[in-house]
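Each chain gets a letter, A, B and so on, in the order its sequence line appears, and its residues count up from 1.
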Amino acid sequence: MSEKILLIDGHSILNRAFYGLPDLTNSEGLHTGAVYGFLNIILRILEEEKPKYLTVAFDLHAPTFRHKIYEAYKGTRKPMPQELREQVPLIKEMLQAMGVEIVSKEGYEADDLLGTLARQSEAKGMDVTILSGDRDLLQLATEKVMIRLPKTVRGKTTIEDYHAQQVIEKYQVTPAQVIELKALMGDSADNIPGIPGVGEKTATKLIVEYGSIENAYQHVEEIKPNKARESLREHYNLAQLSKTLATINTESPVDFSYEKARLGDLYTKEAFALCKRLDFKNLLARFDQTMSQELTEVKEFFTCEDLSGCEALFEKAGKQKVVGTALLSDKEEVYGLGLAITEQEIYYIPVANFITGPYLCGKIADLALNTRICAIDIKTMLKHVNLEEEHQVFDAGVAAYLLNPLKSTYTCEDLAREYEGGKMIPSREELLGKASFRKAWEEDQEGLSSYACYTAETVLSCMEPLKQALEETGMWKVYTQIELPLIFTLDSMEKTGIQVKGEELKAYGDRLAVRIHELEQAIYQQAGEEFNINSPKQLGVVLFEKMGIKGGKKTKTGYSTAADVLEKLAEQQPIIKDILEYRQLAKLKSTYADGLAGMIDKDGRIHSTFNQTITATGRISSTEPNLQNIPVRMELGRLIRKVFVPEDGCVFLDADYSQIELRVLAHMSGDQTLIQAYQQAQDIHRLTASQVFHVPFDQVTPLQRRNAKAVNFGIVYGISSFGLSQDLSITRKEAADYIQKYFETYPKIKEFLDDLVETAREKGYASTMYGRRRPVPELKSSNFMQRSFGERVAMNSPIQGTAADIIKIAMNRVYKRLKSEGKKSRLVLQVHDELLIETRKEELTQVARILEEEMKGAASLQVELEVDMHEGSSWYEAK
DNA sequence: GGAGTCACG
DNA sequence: ACGTACGTGACTCCC
């Protein structure tokens, strides 16, 4: 069998991948989708073809011989979008890392190089495969040269293959005649002019009949469609120029050596490292499993299993200013500790023999009095180790979150890569697989030891770089003054939990079940069949096809059955009201009645987790269960709050900030109208209505006030006329009108918001009053929608984020005062602008005072921070 | 695992 | 023209 060479059209395949596949972004925010798609395509082809030689051709920026003969050539070609342009060096870097030969030549296009190499290789008797997205390449097809054109339809890539024979079958012309076709038709993408009035059909007809443009011109009199005849007559010279332009130069002076192009092992260490950096997790599986071990620097880790040795280690650690730790634990138990005393002395101390979990945790707490404990998640550690704010800690996860809040996880291997100059360490999955710490402790001490040591070492090494980065970005204060103390505040809230009446919750669920069943039957009866009402797909078919309800359609996958869509159709059929009610009840039952009931611990309380490193803006989030979205707007749902009760001898005290985001906006923008309104404690929505609609303050109608309120919300979200029109069910024009009038009323706010966008565009991030940052890479996008999103984010993040900063400060202060004043009352929940305290009855007056003082005093703005406070014997009553 | 839906601020 | 309000998490269906 003859040897085979695979030739790839670099830019064309990258383009295909970019436009045909969804974009991806790695943890640094680099766009990587096209690179990923490119690799997937070529790896697939390589597996199919198994060529001996491989090379990828790229165009250069320099003008080519085509420019010399035709000035407009590619002159008006639209520039590559930013997201694609930044991937060109990445794919070249990747190919280089894989040892793949790249060819380019000034003055020539990739096509010319591919054509030249194809002919040379063919002459040597090789089989040639050319991979490109560009049909122009078909002119190169022969019996030995196959052109492969990938096509992506809805994310699925299929490949069309062409030898000379297939070209003839599909286009009725020989490969060489493809040039004639193109010269006649023209090609707007390549700026090849072509002949006016001649499209694919006419061109094919002419070439099939006459073989070439020249021969057609010889017989120009006979040409049938008058238009084509006259056009060819008039533009013959142009057609010949086009032909020159469209002809691939198969004798380009390309520097090429088959030796260098010989296909070797693609799965090199360098490529592995780059795949890791770009987050190509699926590709990593193709690499040798020992790769990551070979890549990481070999460092000796030690294991200490005896009590006296362990004592000695902690004594040594106590002489350090800072150590790295990795406490291996789950909710119930501690399994061991990774301890990096210095960057060279790294130990794994498993729980074994006389070394118990509580013993280890006690040693850590003692150590932390004089030595700073670095870890990646201090709050989890606090579940076993009794640390207070007087202990010294550093949370590398929280620090990394502040530096880039857009990541979804903050893992050790990312820290090492990002803050230790690209250093590679194995991930938890690589070391332990999917095993829990418990399982690994039982079955894989070696893996657990490595994991503990790598983690301890990394958090130690990363502390200084993280600290420095926080200082350089002006976020050191946010870290030390807000986030670090917040770890202890949140930990206390999680440990305290909130009492929930399980039986009442069950009874509530049962009541729902009765009504849900009734609705189910009514819906089946009206639909004339039983189906799964919870399936939007089935529901859509029943409503819009079977029952013929008008006005459906939306979404990629079918009909939209969202509440706002159905509400507009409720008139048509009574079934719709039943479905809406069913949906509401089903939600209440599954998520709240049943969901919460399953989360009640043995102590009769629910202990949610408050996540500190999730949101892009600086808010906290709540999971397992989410206690920040307990129903309140509808009465039926609101009743659930009756099962959240304080323990005996306590009441709930609930305080929420009144319109904190608008107040933040007033302060940050310095708009005097808004500031004065708040100073005079005016109804802000009514005021906005009176000014925007030009009516006296006391003659504002409820509708006008409602509209003004929506505008105020819109401003905070990053206003757009479309969004506002959706919300108010008005036309875009009317919405735009409201917005315009709003900005006339509050000119400083317009200025302020414009400035937020401009600053974010220049700096690449938006900032809160306290200096917390949120990167906004979307502002640089070439996609209108993405960019508009970036603009709204740039307006919203500083406002939402500043409010988040303020309530975090308030929480820390409240927590601290309750503690320092020896109170038994405890903070139990935070819901973004609301704090809930389980308050001892005898402490009520003082706690109310503490809560009000600390919330109001958390920030001093140009407007007062107003707080609404209520007490009650359930969350329902305290709101 | 993604899409659709819906609960909250 | 493009086609969305900002920030979350849980549940269900369905590939």
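- Looking at residues two or more places apart in sequence or on another chain, you find a side-chain contact (heavy atoms from CB on, under 4.5 Å) between A:T613 and A:V398, A:Y401, A:Y410.
- Straight-line distance from the CD1 atom of A:I630 to the P atom of C:dA10: 11 Å, rounded to whole Å.
- Side-chain contact, A:S781 with A:Q82: no donor N or O sits under 3.5 Å from an acceptor N or O.
- Within the structure, a side-chain polar atom (N or O) of A:R774 is placed less than 4.0 Å from OP1 or OP2 of C:dG7.
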Result block: side-chain N/O donor-acceptor pairs under 3.5 angstrom for residues 827-837 of chain A, not counting sequence neighbours:
from   : atom 1 : to     : atom 2 : distance (Å)
A:Q830 : OE1    : A:Q628 : NE2    : 3.1
A:Q830 : OE1    : A:H832 : N      : 2.9
A:E834 : OE2    : A:W875 : NE1    : 3.1

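- Using a 4.0 Å heavy-atom criterion, one finds that A:V716 contacts no nucleic acid atom at all.
- Taking atom CE of A:M785 as the reference point, atom C1' of C:dG3 lies 7 Å away to the nearest angstrom.
- A:A710 comes within 4.0 angstrom of a base, heavy atoms only.
- Between A:L627 atom CG and C:dG9 atom P there is a gap of 13 Å when expressed in whole angstrom units.
- Using a 30° and 60° split on the angle between ring planes, A:F280 and A:Y36 fall in the tilted class, from 30° to 60°.
- Here A:N783 lies out of heavy-atom contact (under 4.0 Å) with every strand.
- Annotation: of the two residues near DNA chain C, A:P625 and A:R619, the 5′-most nearest-nucleotide partner is A:R619.
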(request) Show the numbers, then the answer: is there a side-chain hydrogen bond (donor to acceptor under 3.5 Å, both in side chains) between A:Q659 and A:Y678? (result) CA-CA 10 Å; A:Q659 296 169 349; A:Y678 274 121; 2.9 Å; yes
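- The A:T623 side chain lies nearest to C:dA10 when the options are C:dA10, C:dA5, C:dC13.
- Across the P atoms, B:dC6 and C:dG3 are found 23 Å apart, a figure rounded to whole Å.
- Listed by first and then second residue, the salt bridge (charged side-chain N to carboxylate O under 4.0 Å, His left out) pairs involving residues 614-637 of chain A are A:R619-A:E661 (not counting sequence neighbours).
- Under the rule for a side-chain contact (heavy atoms from CB on, under 4.5 Å), the partners of A:K763 that lie at least two apart in sequence or sit in another chain are A:T759, A:Y765.
- Side-chain N or O atoms of A:R641 include one that pairs as donor or acceptor with a backbone N or O of A:P631 at under 3.5 Å.
- Remark: P of C:dT8 and CG of A:N626 are 12 Å apart, rounded to the nearest angstrom.
- Read 5' to 3', the first and last nucleotides of DNA chain B with an atom closer than 4.0 Å to a heavy atom of chain A are B:dA3 to B:dG9.
- At the heavy-atom level, A:Q538 lies under 4.0 Å from the strands shown only through sugar-phosphate atoms.
- Using a 3.5 Å distance cut-off with no hydrogens or angles, the side chains of A:T623 and A:N611 do pair a donor with an acceptor.
- Here C:dG9 is the nucleotide among C:dG7, C:dG9, C:dC14 with the atom lying nearest to any side-chain atom of A:N629.
- Sorted by residue number, the members of residues 829-836 of chain A with any non-hydrogen atom under 4.0 Å from DNA chain B read A:V831, A:H832, A:D833.
- What separates CD1 of A:I620 from C1' of C:dG9 is a distance of 14 Å, to the nearest Å.
- Under 4.0 angstrom from either OP1 or OP2 of C:dG9 there lies no side-chain N or O belonging to A:S622.
- For A:L703, the side-chain contact (heavy atoms from CB on, under 4.5 Å) partners are A:T701, A:R706, A:N707, not counting sequence neighbours.
- In the region residues 558-569 of chain A, proximity to DNA chain C at under 4.0 angstrom, judged on heavy atoms, holds for none of the residues.
- Distance alone, capped at 3.5 Å, places no donor-acceptor pair between the A:Q612 side chain and the A:I620 backbone.
- Checking A:T802 against A:D805 by side-chain atom types alone, no donor-acceptor pair falls below 3.5 Å.
- Looking at A:K546, its side chain does come within 3.5 Å of a backbone N or O of A:A527 through a donor-acceptor pair.
- Atoms CG (A:D727) and P (C:dC6) sit 12 Å apart, rounded to a whole Å.
- Contacts of A:A616 with the nucleic acid, taken as non-hydrogen atoms under 4.0 Å apart, involve only primed sugar atoms and P, OP1 or OP2.
- Counting only N and O atoms by type, the side chains of A:N712 and A:T688 include a donor and acceptor under 3.5 Å apart.
- Heavy-atom distances under 4.0 Å link DNA chain C to A:K587, A:S590, A:T591 of residues 583-592 of chain A, given in residue order.
- In this structure A:A570 satisfies the side-chain contact (heavy atoms from CB on, under 4.5 Å) test together with A:I576, A:K577, sequence neighbours excluded.
- Remark: A:E838 engages A:R605 in a salt bridge, criterion side-chain N to carboxylate O under 4.0 Å.
- Whole-Å rounding puts the A:I807 CD1 to C:dG7 C1' distance at 14 Å.
- A:V643 places none of its side-chain heavy atoms less than 4.5 Å from the side chain of A:Y508.
- Among the heavy atoms of the strands lying under 4.0 Å from A:S720 is at least one base atom, whether or not backbone atoms are also near.
- Using a cutoff of 4.0 Å between basic side-chain nitrogens and carboxylate oxygens, A:K642 and A:E877 are not scored as salt-bridged.
- Side-chain contact, A:R774 with A:T768: no donor N or O sits under 3.5 Å from an acceptor N or O.
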(message) Reading 5' to 3' and counting Watson-Crick or G-U wobble pairs with both distances under 3.5 Å, write the dot-bracket notation for DNA chain C, | for bases paired outside the strand.
(response) .....|||||||||.
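- If you take atom P in C:dA5 and the same atom in B:dA3, they sit 15 Å apart, rounded to whole Å.
- Salt bridge status for A:E429 with A:K434: present, with a side-chain N to carboxylate O gap under 4.0 Å.
- Rounded to whole Å, the distance from CD1 on A:I730 to P on C:dT4 is 18 Å.
- Counting any heavy atom pair closer than 4.0 Å across all strands shown, A:G714 reaches a base atom.
- Within residues 788-802 of chain A, the residues that place at least one heavy atom under 4.0 Å from DNA chain C are, in residue-number order, A:F789, A:R792, A:V793, A:N796, A:Q800.
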